[in-house]
Peer 1: 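A single structure is presented below for examination.
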Amino acid sequence: GDTLANVLRRAGCHTWKEFYVNDAGNQIHKFAESIHARYMQLLVGEENFPLPENAYHGDDIKELAQAFYELHGDRYRDEPEAVWLEDMSRFGLETNVPKMKEDLRRYGIEYDEWFFESTLHQSGFVAETVELLTQKGWTYEKDGALWLKTAQLLRQKYLAEGKSEKQVDKLDLKDDVLRRANGFYTYFAADIAYHRNKLEIRGFDLCINVWGADHHGHVARLQAALDGLGLDGSHRLVVVLMQLVNLLQDGQPVRMSKRSGKTIALHDLLDEVSVDAARYFFNSRAATSPVDFDLDLAVREDSENPVYYVQYAHARICTLVARLAQEGYPVPAADQVQGEVLTAEEETALVRTLAKFPEEIHTAARDYDPSRINRYLTDLAGDFHRFYGACRIKGEEPALLAARLKLADSVRSVLANGLNLLGVHSQDTAIIGDRMDTDVIAGMESGLATVLVLSGCTSRADINDYPYRPTYILNGVGEIVAE
């Protein structure tokens, strides 16, 4: 979602990023019940207070219960359900939401607003929205509950989209409850109100939601409800459905489940892999495809790791530009370059790939598919590596040197811009192989270097088969053995 917002903004849209906090309804009820059960187990023992059937089993719930107990002792042992439900849900949210903000900030995401579902109920906006649907003739009462004529709204929507009467008749269309017999509004009523708030009250032209694929059945129903309010939800509400992420380690899946207590928190993941790797990998596939996140691959420092491969291309160019500038060859202005001298196949292929960048941004924004940027950057990095391996820059006659240098620097600029869209840093320095201390890098002649560290390396012949062309080659103790 964050990357999609970046792409849309680069394509010329004015974007607003919002996190919707479900702090009302059934989910928050289960959340509070889970905390309460763990709290009671601290008082009377686990064997004397079993967890509710649908409780969350994660360690985070145990931590919340322990913190609540340390704050209040056994005061809530005999409190009425209504009291502990309210107080424990509020405590859990007030503890967890700041942690979520901190984790997301570490991940490079800052939302323009955190919107709380509870405010819609407290302000009466949910009730007002349901009343508007009633006034427009889209509700009816049955068994003490208030129902939305979802089937009729969906029928109108599908016919307008080109489906035939026969096709619509085959669909199992059902109505939805908006207000239960006990007077409580359903999550669907709150969702309708929330989107009315965005489209009507705040006046956004388009609302793009990022949901898990398990909510696919909710999309058309919500669009149809907004159609019923006259808000053209069929066109103004877009839902990007994200498939599951499969975390792999040692070739085996790492299980994830809130209820089993095996959830992988973002901060735990970022303790294992870099933010750059996480953002690149999570955005590596279209929303319609599951993502296989290989934890081992994400920390590798070689060409098999796609983010490293792209960052390395950028660092390689930075090294080249800095070195040539020191030798009296700064990057020329475009109007000082004789482009006609770029005739090699690797050069023209690189120019063609560079020229595709604006269209890639446009298409990624149009299709709500920022993963196109990942694929483009990988292609561009590959084309550059092939160019760099085939086309010498240093030592060429001035016109060819200037043209190739300008071409390389243009690649650097596009790689940096593309990585920025993904929220990934463009590296100015690449270290390949063993890690080394920063003071070794600082001692390099240029201060910007592509470095290969190989234990036991004594000559250039030792790395003939290595896939990259380093600026410096060091042995295992940090001594430069080739340049």
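Being a predicted model, the structure only gives us computed values, none of them experimental.
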Peer 1: Just so I know, are the side chains of Arg221 and Leu154 near enough to count as touching, which here means a heavy-atom distance under 4.5 Å?
Peer 2: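 They are in contact (side-chain heavy atoms under 4.5 Å apart), so the answer is yes.
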
Peer 1: Would you confirm whether the ring centroid of His218 sits within less than 6.0 angstrom of the ring centroid of Trp211?
Peer 2: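 Between Trp211 and His218, the centre distance is under 6.0 Å.
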
Peer 1: Quick one: do Arg202 and Glu113 make a salt bridge, cutoff under 4.0 Å?
Peer 2: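 A salt bridge is present here (some side-chain N lies under 4.0 Å from a carboxylate O).
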
Peer 1: Using the ring-ring contact (aromatic ring centres under 6.0 Å, His included) rule, take Phe19 and Trp114 through it: C-alpha gap first, then chi angles, then the decisive distance, then the call.
Peer 2: CA-CA 5 Å; Phe19 191 105; Trp114 288 67; 4.4 Å; yes

Peer 1: So Leu297 and Phe281, do their side chains get closer than 4.5 Å, heavy atoms only?
Peer 2: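 Yes; the side chains approach each other to less than 4.5 Å.
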
Peer 1: State, to 0.1 Å, how close Val130 and Thr139 come at their nearest heavy-atom pair, and which atoms those are.
Peer 2: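 In terms of heavy atoms, the two residues are closest at O-CG2, 4.5 Å.
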
Peer 1: I want to know whether Phe116 and Tyr20 have ring centres closer than 6.0 Å.
Peer 2: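 Between Phe116 and Tyr20, the centre distance exceeds or equals 6.0 Å.
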
Peer 1: Would a 4.5 Å heavy-atom cut-off, applied to side chains only, mark His314 and Gln311 as touching?
Peer 2: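 No, too far: nothing below the 4.5 Å cut-off.
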
Peer 1: I'd like to know whether the aromatic ring centres of Tyr309 and His385 sit less than 6.0 Å apart in this structure.
Peer 2: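 Tyr309 vs His385: aromatic centres under 6.0 Å.
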
Peer 1: Side chains of Glu141 and Trp147, heavy atoms from C-beta outward: is any pair under 4.5 Å?
Peer 2: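 No, their side chains stay 4.5 Å or more apart.
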
Peer 1: Suppose we call two aromatic rings close when their centres sit under 6.0 Å apart. Are Tyr56 and Phe31 close by that rule?
Peer 2: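 No.
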
Peer 1: Tell me whether Arg90 is salt-bridged to Glu86, with the criterion being a basic N under 4.0 Å from an acidic carboxylate O.
Peer 2: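 Looking at Glu86 together with Arg90, the answer is yes, because their closest N to O distance falls below 4.0 Å.
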
